[in-house]
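Have a look at the structure below before the remarks.
What you see is a predicted model, and the numbers here were worked out from it, not measured in a lab. Order of the sequence lines fixes the chain letters, A, B, ..., with proteins taken first and strands second; residue numbering starts at 1 for each chain. As a basis for the values below, the full set of heavy atoms in this structure was taken, side chains included, without hydrogen atoms, waters or symmetry mates.
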Amino acid sequence: MNKIYKIYRLLYKTYGPQGWWPFINLQKSYHPLDYSFPRNSDEIFEVCLGSILTQNTTFISVVKSLNNLHVKEALNLNTIESMDIDELKTAIRPSGYHNQKARYILEFIKFYRSLDGAIPTREALLHVVGIGPETADSILLYGYNQCEFKVDAYTQRLLLTLGLIDEKAKYHDIKYLMEDSLKECIKDEKELLITYQEFHALIVNHAKKFYSKKPYGERCFLEEVQSSL
DNA sequence: AACCAGGACGTGA
DNA sequence: TCACGTCATGGT
């Protein structure tokens with residue numbers, strides 16, 4: 001068992017399953033251990049929308065934006081595409097950058113339509129304006145249940161503090177470190193996917209508590225992973 | 001009241 | 001390639 005997987009086990013033992021992704025339309029019937037989402041095109045689209053809106057923003061703000069659309073019966077691509085762009089901007093205002101994110105959303109909808117239900121490749125997603133590596137992985141991992149590890153600022157900060165990467169490690173360096181480490185320990189594809197999904201969520205949960213303000217990692221119990229191997 | 005949040009893009013060196 | 005400025009609102 002390598003250190004990365006050890007960190008995952010420790011986080012899971014501490015916080016339990018996170019139940020990522022919180023669907024707006026399904027809050028009543030949603031349970032953390034139900035990994036059957038998303039189930040249809042509307043739910044996939046909701047994850048894609050949330051993935052764009054959450055760029056450099058807390059998910060609490062994203063939920064507000066998604067709810068603004070939901071109460072207008074506009075949490076679907078047909079309505080968003082046909083609605084006035086200023087109305088869209090107003091709805092997503094709580095999650096910030098509403099001008100460029102409104103554009104990103106419309107750009108993505110064009111791309112989404114061209115897919116005609118197919119699963120997008122990572123490379124194709126990266127060609128869409130407004131979709132960088134993290135947003136692409138978020139869409140693939142949570143929207144399409146693809147084994148793509150999502151790296152974010154918290155992941156980098158955590159691994160850097162624990163001394164598992166160096167300062168110049170880039171997005172893909174970290175992504176492949178996580179994926180290779182987990183593949184080494186998990187052979188079952190379904191379990192691997194769930195681990196990717198839960199791990200990222202657990203890192204965010206944990207990092208909010210210990211890696212939001214300096215000095216990072218103070219009293220973080222993951223330090224024990226260092227000495228244990 | 002400064003600081004940061006589940007980033008991406010454009011620019012110049 | 002890479003460091004840096006910009007985009008914007010909301011919570012602490």
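Around NZ of A/Lys170, the count of heavy atoms belonging to other residues, nucleotides or ligands within 6.0 Å does not exceed 12. Shown here is A/Lys13, whose NZ atom has no more than 12 heavy atoms of other residues, nucleotides or ligands within 6.0 Å.
A distance of about 15 Å separates the P atoms of B/dC3 and C/dG5, rounded to the whole Å. The gap from the P atom of B/dC4 to that of C/dC4 amounts to 16 Å, rounded to the nearest Å. Spacing between B/dC9 and C/dG10 at atom C1', rounded to whole Å, works out to 23 Å.
Atom CG of A/Leu126 and atom P of B/dG7 are 16 Å apart (whole Å). Note: NZ (A/Lys209) to C1' (B/dC4) measures 18 Å, nearest angstrom. In this structure, the OH atom of A/Tyr97 is 12 Å from the C1' atom of B/dC9, given to the nearest Å. One can place NZ of A/Lys150 at 10 Å from P of B/dG6, the figure rounded to the nearest angstrom. Atom CG in A/Asn205 sits roughly 15 Å away from atom P in B/dA5 (whole-Å rounding). Rounded to a whole Å, the CD atom of A/Gln55 is 15 Å from the C1' atom of C/dT9. Here B/dA5 presents its P atom at 16 Å from CZ of A/Phe210, a figure rounded to the nearest Å. Rounded to an integer number of Å, the gap from A/Leu49 CG to B/dG6 P is 18 Å.
Using a 4.0 Å heavy-atom distance criterion, A/Tyr154 is classed as a sugar-phosphate-only contact. A/Val151 comes within 4.0 angstrom of nothing in the nucleic acid, heavy atoms only. Using a 4.0 Å heavy-atom criterion, one finds that A/Ile203 contacts no nucleic acid atom at all. Using a 4.0 Å heavy-atom distance criterion, A/Val62 is classed as making no nucleic acid contact. Using a 4.0 Å heavy-atom criterion, one finds that A/Arg103 contacts no nucleic acid atom at all. As judged by a 4.0 angstrom heavy-atom cut-off over every strand, A/Gln100 is placed among the base-contacting residues. Backbone-only contact: A/Asp152 has heavy atoms under 4.0 Å from sugar-phosphate atoms and none from a base.
In this pair, A/His200 and A/Tyr142 present their aromatic rings tilted. The plane angle is within the 30 to 60° band.
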Query raised in the report: Could you go step by step and tell me if A/Ser51 and A/Ser138 meet the side chain to side chain donor-acceptor pair (under 3.5 Å) rule?
Result: CA-CA 6 Å; A/Ser51 297; A/Ser138 180; 2.8 Å; yes
Query raised in the report: Under the ring-ring contact (aromatic ring centres under 6.0 Å, His included) criterion, do A/His206 and A/Tyr15 qualify, and how do the steps go?
Result: CA-CA 8 Å; A/His206 179 71; A/Tyr15 302 109; 5.7 Å; yes
Requested in this report: Under the ring-ring contact (aromatic ring centres under 6.0 Å, His included) rule, what do A/Phe149 and A/Tyr176 come out as? Steps first, then yes or no, please.
Outcome: CA-CA 8 Å; A/Phe149 199 91; A/Tyr176 296 137; over 10 Å; no
Requested in this report: For A/Tyr211 and A/Tyr154, run ring-ring contact (aromatic ring centres under 6.0 Å, His included): C-alpha distance rounded to whole Å, both residues' side-chain angles, the deciding distance at 0.1 Å, then the answer.
Outcome: CA-CA 7 Å; A/Tyr211 293 84; A/Tyr154 280 143; 8.1 Å; no
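Taking only side-chain nitrogens and oxygens, A/Arg157 comes nearer than 4.0 Å to OP1 or OP2 of B/dA5. Remark: A/Thr58 is not in phosphate contact with C/dG11, judged by side-chain N or O atoms under 4.0 Å from OP1 or OP2. Taking 4.0 angstrom as the limit, A/Asn56 places none of its side-chain polar atoms (N or O) nearer than this to OP1 or OP2 of C/dA8. For the pair A/Lys64 and C/dG11, the criterion of a side-chain N or O lying under 4.0 Å from OP1 or OP2 is met.
A donor-acceptor pair shorter than 3.5 Å cannot be found between the side chains of A/Thr57 and A/Thr54. Checking A/Tyr112 against A/Glu107 by side-chain atom types alone, no donor-acceptor pair falls below 3.5 Å.
Toward the 5' end of DNA chain C, the nearer of the two residues A/Lys170 and A/Ser95, judged by each one's closest nucleotide, is A/Lys170. When each of A/Gly96 and A/Lys213 is assigned the nucleotide of DNA chain C bearing its nearest heavy atom, the one mapping closer to the 5' terminus is A/Gly96. Comparing A/Gly130 and A/Ile60 along DNA chain B, the residue whose closest nucleotide (by nearest heavy atom) sits nearer the 5' end is A/Ile60.
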Report summary line: Per-residue pairing states of DNA chain C in dot-bracket (Watson-Crick or G-U under 3.5 Å; . unpaired, | other strand) read |||||||.||||
